[in-house]
Trainee: 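Below is a structure I'd like to ask you about.
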Amino acid sequence: MLPAFAANPAAQLTGGGLPMDFGRVGRDGARLLGDGKTWRGLLGGVLGGLLVGGLQVAVAASADNPSAVPTFDPGGGKASAASLFVVFALALGALLGDAVKSYAKRRLGKGRGAKFQLADQYDFVLGAWVLTAAVFPAWFRENFSVEAMVVVVAVTFFLHRGVSVLGHRMGLKAEPW
Ligand code: CTP
Ligand code: MG
């Protein structure tokens, strides 16, 4: 999950400029996604995820005991260049999940940054899982048992709170959620 976890704060650090919806509004008069979803954030978020996941792949490639660390290899083998595609899917999925959530928020009349309980916490987890399960089903089944998913859901809850408060104090986030 680390590449997916890294994508969000990386988007926050790099975001700004041209919005992904190019400023367009829906039939309901609200923005499609809003100014909180930008191309720079998408690119920076994916690169942040690739940086973290790339480090993990490098560690796995040089590990004495390869079974001790995740290799991200789509076929369940040793860490390889193909591993980076899985990492890419995790990071991109996280950001797409986040964008889908923004779309839903705008349709519900919630403004940028408005609180959307549960969706704010789990959008990127769901997005990362859906995209990797769709593109790399074998890898997904191998790496995400029900137990692992329960742990991710629990860890995400606390991680999200901690990172949001930190981002708020650092002045990167308008709201502490
Ligand atoms: N961000 C970005 N591009 C993305 C995702 C995030 O530029 N694809 C940046 C934006 O500066 C955004 C910040 O990261 O304001 C925090 O992200 P998030 O909390 O997801 O956005 P919000 O501003 O809260 O907007 P929304 O209500 O649409 O979630
Ligand atoms: Mg937000």
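Computed from a prediction, not measured in an experiment: that's the story for all the values here. All ligand and atom numbering here is 1-based and tracks the order in the structure.
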Trainee: Show me which atoms of ligand 1 lie under 4.0 Å from any heavy atom of K105.
Mentor: 26 (P), 27 (O), 29 (O)
Trainee: For the residue pair S102 and K37, confirm or rule out a side-chain donor-acceptor distance under 3.5 Å.
Mentor: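 Yes, side-chain donor-acceptor contact under 3.5 Å.
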Trainee: What's the shortest distance from atom 24 (O) of ligand 1 to any protein heavy atom, and which residue and atom give it?
Mentor: G113 CA, 3.4 Å
Trainee: Name the closest protein heavy atom to atom 28 (O) of ligand 1, giving the residue it belongs to and the distance to 0.1 Å.
Mentor: S102 OG, 2.6 Å
Trainee: One residue to check: K110. Relative to ligand 1, which of side chain, backbone, both or neither has a non-hydrogen atom less than 4.0 Å away?
Mentor: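 Answer for K110: neither.
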Trainee: Using a heavy-atom cut-off of under 4.0 Å, does the side chain or the backbone of R40 touch ligand 1, or both, or neither?
Mentor: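 It is neither; nothing of R40 touches ligand 1.
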Trainee: Under the 6.0 Å and 45° cation-pi test, does K110 pair with F116?
Mentor: yes
Trainee: What are the atoms of ligand 1, with element, lying closer than 4.0 Å to any heavy atom of L42?
Mentor: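 Ligand 1 atoms under the 4.0 Å threshold to L42: 8 (N).
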Trainee: Any pair with a residue in residues 161-174 that passes salt bridge (Lys or Arg N to Asp or Glu O under 4.0 Å), sequence neighbours left out, goes on the list, sorted by first then second residue, please.
Mentor: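 Non-adjacent pairs meeting salt bridge (Lys or Arg N to Asp or Glu O under 4.0 Å): zero.
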Trainee: Decide whether a cation-pi geometry holds between R141 and F144; the criteria are a distance under 6.0 Å from NZ or CZ to the six-membered ring centre and an angle within 45° of the ring axis.
Mentor: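 No, R141 and F144 do not form such a contact.
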Trainee: Check each atom of ligand 1 against the heavy atoms of D98 and keep those under 4.0 Å away; list them by number with element.
Mentor: 5 (C), 20 (O)
Trainee: Under a 4.0 angstrom heavy-atom cut-off, which atoms of ligand 1 come close to G15?
Mentor: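 Answer, ordered by atom number: 7 (O).
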